[in-house]
Amino acid sequence: QVQLVEFGGGLVQAGGSLRLSCAASGRTLSTYAMGWFRQAPGKEREFVAAISRSGGSTYYADSGKGRFTISRDNAKNTVYLQMNSLKPEDTAVYYCAARYGSSWYLTIDQYDYWGQGTQVTVSS
């Protein structure tokens with residue numbers, strides 16, 4: 001079992017930056033591929049970014065390419081999502097997710113463990 005806790009969300013003006021963190025406990029994170037997803041009010045949860053267990057491979061949704069960066073520090077059992085040039089449409093609850101595996105994964109059903117989410121609100 002892996003327990004995930006996200007933090008770092010908050011209120012930011014458009015054009016600003018936030019760094020989300022996802023801390024894992026229960027198992028060594030280095031054996032898990034990780035992903036970030038988000039869910040805006042009234043919308044389905046959607047993929048944001050993914051990273052392989054080594055950190056050597058990453059993948060981004062088009063919405064975040066060039067603005068978001070996913071990274072991980074396996075020694076700290078933590079995954080990050082650096083978000084720059086934030087837009088009001090980035091407003092959502094952001095979730096991190098984990099699954100055992102060596103690649104990166106893009107869909108909700110591919111992940112086994114989820115955090116409780118952290119709210120990101122971008123004002124215009």
Side-chain angles (χ1 to χ4, degrees):
Q1 288 281 345
V2 177
Q3 292 80 44
L4 303 172
V5 178
E6 305 96 335
F7 50 95
L11 174 64
V12 64
Q13 288 188 331
S17 299
L18 281 175
R19 188 175 82 155
L20 306 183
S21 300
C22 173
S25 61
R27 291 289 179 93
T28 301
L29 201 59
S30 60
T31 59
Y32 291 84
M34 301 296 295
W36 284 97
F37 291 75
R38 68 186 184 185
Q39 187 166 16
K43 295 187 177 181
E44 294 186 350
R45 193 171 299 189
E46 64 177 10
F47 169 78
V48 175
I51 189 167
S52 61
R53 64 186 182 188
S54 69
S57 182
T58 58
Y59 192 87
Y60 297 91
D62 288 343
S63 59
K65 283 181 181 176
R67 300 188 300 126
F68 295 177
T69 303
I70 187 171
S71 62
R72 64 192 299 160
D73 186 338
N74 286 340
K76 295 183 178 180
N77 255 17
T78 302
V79 176
Y80 306 96
L81 184 68
Q82 177 67 45
M83 303 186 294
N84 299 327
S85 302
L86 283 162
K87 306 173 182 180
E89 50 264 43
D90 294 318
T91 295
V93 177
Y94 284 70
Y95 299 88
C96 69
R99 68 154 284 162
Y100 184 81
S102 60
S103 182
W104 36 257
Y105 305 90
L106 309 183
T107 62
I108 293 170
D109 60 349
Q110 291 178 303
Y111 287 88
D112 300 313
Y113 305 101
W114 293 83
Q116 83 292 344
T118 185
Q119 177 70 47
V120 171
T121 303
V122 184
S123 62
S124 57

**Message:** Working note: Ile108 + Trp114, criterion side-chain contact (heavy atoms from CB on, under 4.5 Å); need CA distance, chi angles, decisive distance, verdict.
**Reply:** CA-CA 10 Å; Ile108 293 170; Trp114 293 83; 3.6 Å; yes
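- Arg99 contributes no side-chain N or O that, together with a main-chain N or O of Asp109, makes up a donor-acceptor pair within less than 3.5 Å.
- Not a single donor-acceptor pair under 3.5 Å links the side chain of Gln39 to the backbone N or O of Ala92.
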**Request:** Begin with the C-alpha distance, continue with both residues' side-chain angles, and end with the deciding distance and a verdict on salt bridge (charged side-chain N to carboxylate O under 4.0 Å, His left out) for Asp90 and Lys87.
**Result:** CA-CA 5 Å; Asp90 294 318; Lys87 306 173 182 180; over 6 Å; no
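- Tyr100 and Asp112 get closest at one heavy-atom pair: N-OD2, 4.3 Å.
- In this structure, the side chains of Leu29 and Thr78 stay at 4.5 Å or more apart for every pair of heavy atoms.
- Between Tyr80 and Asp73, the shortest heavy-atom contact is CE1-CB, 4.1 Å.
- Separation of atoms OG1 (Thr28) and CG (Asn74) is listed at 9.0 Å; rounding is to 0.5 Å.
- In this structure, Ser30 and Arg53 have side chains that are not in contact, with every pair of non-hydrogen atoms separated by 4.5 Å or more.
- The two residues Val48 and Phe68 make their nearest non-hydrogen contact at CG1-CD1, 3.6 Å.
- Without hydrogens or angle criteria, Arg27 side chain to Tyr32 main chain gives no donor-acceptor distance under 3.5 Å.
- Nearest heavy-atom pair across Leu20 and Gly9 is CD2-N, 3.6 Å.
- Looking at Arg38 and Tyr94, their side chains do bring a donor and an acceptor atom within 3.5 Å of each other.
- The aromatic rings of Tyr111 and Tyr105 stand perpendicular to each other, their planes meeting at an angle above 60°, with 30° marking the opposite boundary.
- Atom NZ of Lys43 sits in a sparse spot, with 12 or fewer heavy atoms from other residues, nucleotides or ligands closer than 6.0 Å.
- From Lys65, atom NZ reaches atom OH of Tyr59 across 5.0 Å, with rounding to the nearest 0.5 Å.
- Minimum heavy-atom separation, Ser17 to Gln82: CB-NE2, 3.9 Å.
- Here Phe47 contributes atom CZ and Trp36 contributes atom CH2; the two are 12.5 Å apart, rounded to the nearest 0.5 Å.
- Cluster annotation: Val2 is not connected to Val5 through the hydrophobic network of ILVMFWY side chains, with a link wherever side-chain heavy atoms come within less than 4.5 Å.
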**Request:** Could you please spell out the steps behind the side-chain contact (heavy atoms from CB on, under 4.5 Å) verdict for Val122 and Glu89?
**Result:** CA-CA 8 Å; Val122 184; Glu89 50 264 43; over 6 Å; no
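- At a threshold of 4.5 Å between side-chain heavy atoms, the hydrophobic network of Ile, Leu, Val, Met, Phe, Trp and Tyr places Ile51 and Leu4 in one connected group.
- Considering every non-hydrogen atom in both Leu86 and Leu18, the closest pair reads CD1-N, 3.9 Å.
- In this structure, the side chain of Ser52 does not engage the main chain of Trp104 through any donor-acceptor pair within 3.5 Å.
- With rounding to the nearest 0.5 Å, the separation of OG1 in Thr121 from CD in Gln13 is 13.0 Å.
- Under a 3.5 Å cut-off, the side chain of Glu6 and the backbone N or O of Cys96 do form a donor-acceptor pair.
- Figure legend: Arg45 and Tyr95 shown as a cation-pi pair, the cationic atom lying under 6.0 angstrom from the six-membered ring centre and within 45 degrees of its axis.
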